[in-house]
Structure formats: structure tokens, C-alpha cells
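The next block holds one structure in the form of C-alpha cells; read it before the comments.
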Amino acid sequence: MTVVINMREGLDWKKIKIGARFIREGKLVAFPTETVYGLGADALNENAVKRIFKAKGRPPDNPLIIHIAEFEQVYELASEVPEKAKILAEKFWPGPLTIVLPKGDKVPYATTGGLETVAIRMPANEIALGLIKASERPIAAPSANISGKPSPTLAEHVVDDFYGKIECIIDGGETKVGVESTVIDLTTDPPMLLRPGGLPLEEIEAVIGKVEIHPAVKGKPVNLAKAPGMKYKHYAPDAQVIVIEGERERVKEKINELIKRYKAQGMRVGVMATGDFYKADAYFNMGESEEEIARNLFKALRELDKSGVDIILAEGIEERGLGLAVMNRLRKAAGYRVIKV
Ligand code: AMP
Ligand code: MG
């Protein structure tokens, strides 16, 4: 049985206590953050954390991010807190930045996916912060989607994936950022970007200097014909996604050509656009700015999928600012099926 709590009007202390009680009892509570919805449990309760993996169908070696509400909680979770962590936290917390540090003894390996490191962040969302404070626990929370599916940016998305399977869903309306947090590893020198996200890399480098980019971040764009496999599928709807990257006018031409070609083959075609209009079976305009595109990305994937299309053609954008996070998600959603024009 799932209790759905409406908090679209903002944090309500009476209602948040219902969610907090579930967390303290080792139950699962989905809640909004500024990035996407999280599926939360007491980060220090091994059995509670294991239920997150089970509910999502998440591989046990994929670590969770621990959410905190006060900087001091870092000392309870990490065995070392380097200067750069303090500088980044001071500048960007609460916000869409996750910091990876050496794991403290109290944190179960179930939470860190067996790693000796722990990922921590302070979300910039009053409901999330209220839930953490009211439960008096650090809360481990991956995105609240079935593993492999697009992340949820609306409570409805969480309902679609988890209604009847978790104890509580807190509806805080649409999430502001729309892509998950930026993950940066501070256990290496120089620090390493493990996942691009809601905080642009450029802003981090302006504060702590050069950051290395993990090779997995950009993935390997491969020739479509040579990569029918689904090996890297992630953030993926049921429809096949193809990303078209390049100069704007040529992208537009290519997409129009592909719409015709696939329709001639009897397929239903959807388009994820960044401003331009396309005549297809389904069409979702994510917006023109990086911020709008990031905010609408997962919603576009979920809605086009619901419309029943067989193929989704997506316009690529430049990899600067939030564009790095957007393209990382899009290419994964496409299983790296990218056409460059
Ligand atoms: P999700 O919240 O579903 O986006 O998943 C959390 C992500 O955070 C993981 O997939 C990793 O990319 C990252 N992460 C969490 N903990 C660690 C860690 N200890 N080391 C490296 N990356 C981590
Ligand atoms: Mg996720």
C-alpha cells in the first residue's frame, strides 16, 4: 500500500512527519529533489537500503548517493573530509553536486555498492531537506525509477513505476533541474568527474581548478549499423532512440529524411526537438535553452514512449554547460546510436 502525500504547495511539517516515520522504520519513501525524484531509505540501515535495490531492480554494485541536510553530517559518513570538499560544499550546497569521499565505518557496504568510497550531497529542495531533518537520518536515494528507465521529474512518473510497491510517495510537483546531480570524485588528484549533471563542470573548475573527465562520461558514439546491441541501455524508453548531432540545419534535414524513411517502413515516429517543429506521429519540444532542455528531457522520453511510437529521433545539442549532462543521458538512452551529420 502506497501513501501519496500532496505537498505541491510546499513543505508541510505535519505531513513530512508521516514520511519521516516511514524512513525511521526502514521503509521506502519517494521524494522530490531539485534534480529528479529520489527513492529514499535510511542510509545507515542495511536492510532498508537493500529494499531500494530490490524495488528498482538495480544491480547491487551500483552505489547510492546519501542525502544530508547539514554539512556536519559529512563527518558521520566520510572518514576524511579534504579542503576541496569544504570549498565545494560551501559554494554549491545545497545544490545538484555530489561529492565522493572515503567511506566512514558507519556506512554499510550495501549503500556504497561494496565500494570504500561514499557519495554525498545536500539537495536544494525544502521538502527533501525537511524529510532528512524530520527523520534525523541521512537518506540514501537513487533516482525513483525502475532501473534502466528514464528518471522521474514528476510524482506521476514515480506512481507509474512504484505505486503499490513502496510505502510512500511525496508529490512536490515538477523538479526544477530535471537531470541528476553532477558527481565528482575527490579521492583522486586531480578530482575526477564521474557523471555530468545539474551543476555545470565549468562552474566547478572555476572554484577548484582542473577536473579530469572519466572516459565513460562521453561514451563512445558508434556507427548505428554496427551497434544494434542494447548493452549500454540506460535512461531508456521502450522505443528505440536515435540521436542526430551536428549543424542545426543539417540535423533538421536528416530528421525529416528519417521520419519519411521510417514511416515508409510502417513505423510510428516521435521527435524530441530543441525548438524546431517536425511533422511526426508524436512531437515533444524540449525548449531552446540548455536549462529548459535539461528540465524536459526525461519527461519527453516518458511521454513519447507513452504515445506508442516505435522510434524516437532526438536532436543533439552542444556539450557545454548543462549540455554535457543532457548529451550523456541522450546517448545512453539511445544505446549510443548516434548519427553525425
Ligand atoms: P542515481 O542516483 O540513480 O543516479 O545513481 C547514483 C549514482 O551516483 C551512481 O550510479 C554513481 O554514478 C554515483 N555514485 C554513487 N556513489 C558513488 C561512489 N561511491 N563512487 C562513485 N560514484 C558513485
Ligand atoms: Mg538513476
Side-chain angles (χ1 to χ4, degrees), residues 28-41 43 49 52-68 74 77-81 85 96-123 125 128 138-153 157-158 161-162 175 177-188 191-199 211-219 232-237 294 297-298 301-302 324-326 328-330 332-333:
L28 303 186
V29 178
F31 61 97
T33 78
E34 81 280 35
T35 58
V36 301
Y37 275 76
L39 181 58
V49 164
I52 295 179
F53 286 88
K54 198 166 168 230
K56 278 184 64 103
R58 184 179 177 101
D61 61 351
N62 191 355
L64 308 181
I65 293 168
I66 303 184
H67 296 71
I68 59 173
V74 166
L77 304 171
S79 61
E80 268 170 67
V81 184
L97 173 68
T98 294
I99 297 173
V100 174
L101 298 173
K103 182 180 104 59
D105 292 339
K106 272 198 192 172
V107 181
Y109 283 108
T111 306
T112 67
L115 297 172
E116 293 298 341
T117 54
V118 62
I120 308 170
R121 97 171 180 102
M122 190 190 293
N125 177 294
I139 298 183
S143 51
N145 53 277
I146 299 290
S147 208
K149 288 279 157 201
S151 299
T153 56
H157 298 159
V158 184
D161 284 10
F162 292 112
T175 59
V177 178
V179 290
E180 302 88 336
S181 59
T182 301
V183 179
I184 182 150
D185 188 350
L186 292 182
T187 68
T188 60
M192 173 111 62
L193 177 75
L194 299 179
R195 176 176 77 181
L199 182 67
V211 171
E212 233 168 279
I213 301 184
H214 194 281
V217 165
K218 292 197 181 180
Y232 301 105
K233 213 166 159 179
H234 196 47
Y235 304 118
L297 179 74
F298 289 130
L301 284 167
R302 280 187 182 250
L324 187 64
V326 167
N328 168 270
R329 310 303 189 272
L330 255 188
K332 282 192 184 177

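First listed ligand is number 1; within each ligand, the first listed atom is number 1.
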Report yes or no: does [X] contribute a side-chain atom to a donor-acceptor pair with the main-chain N or O of [Y] at less than 3.5 Å?
{"X": "Arg302", "Y": "Pro150", "value": "yes"}
{"X": "Asp161", "Y": "Ile146", "value": "yes"}
{"X": "Thr33", "Y": "Thr35", "value": "yes"}

Which atoms of ligand 1 are found less than 4.0 Å from any heavy atom of Thr117?
->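 Once the distances to Thr117 are compared, the set is 18 (C), 19 (N), 20 (N).
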Which of the atoms in ligand 1, numbered in the order shown and given with their element, are less than 4.0 Å from a heavy-atom of Arg195?
->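 Those qualifying, in numeric order: 1 (P), 4 (O), 5 (O), 7 (C).
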In terms of residue, atom name and distance, what is the protein heavy atom nearest to [atom]?
{"atom": "atom 23 (C) of ligand 1", "result": "Pro63 CG, 3.6 Å"}
{"atom": "atom 2 (O) of ligand 1", "result": "Pro142 CA, 3.2 Å"}
{"atom": "atom 9 (C) of ligand 1", "result": "Asn62 OD1, 3.3 Å"}

Glu180 bridged to Arg121 by N-O distance under 4.0 Å |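 Salt bridge between Glu180 and Arg121, a charged N being under 4.0 Å from a carboxylate O: no.
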For ligand 1, find out whether one of its N or O atoms is nearer than 3.5 Å to an N or O atom of Lys56.
->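 No; the residue has no nitrogen or oxygen that sits under 3.5 Å from a nitrogen or oxygen of the ligand.
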Hey, looking at atom 18 (C) of ligand 1, which of Leu115, Leu194, Ile184, Leu64 has the closest heavy atom?
->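 Answer by nearest heavy atom: Leu115.
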For atom 6 (C) of ligand 1, which of His214, Glu180, His67, Arg58 has the closest heavy atom?
->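 Considering heavy atoms of His214, Glu180, His67, Arg58, the nearest to atom 6 (C) of ligand 1 sits in Arg58.
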Just to confirm, does any protein heavy atom lie below 4.0 Å from atom 12 (O) of ligand 1?
->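 So atom 12 (O) of ligand 1 lacks protein heavy-atom neighbours under 4.0 Å.
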Could you check Val183, Thr182, Ile184 and say which one makes a side-chain contact (heavy atoms from CB on, under 4.5 Å) with Leu199?
->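 Answer to the side-chain contact (heavy atoms from CB on, under 4.5 Å) test with Leu199 among Val183, Thr182, Ile184: Thr182.
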Please test Thr117 against Thr112 for side chain to side chain contact (heavy atoms under 4.5 Å, CB included), starting from the C-alpha separation and ending with a verdict.
-> CA-CA 7 Å; Thr117 54; Thr112 67; 5.9 Å; no
Distance in Å, Phe53 CZ paired with Thr111 OG1, rounded so as to fall on 0.5 Å steps |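 The distance works out to 7.0 Å.
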Answer yes or no as to whether an N/O/S atom of Asn145 is found below 2.8 Å from the Mg ion (ligand 2).
->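 Short answer: no, not a single N, O or S atom is under the cut-off.
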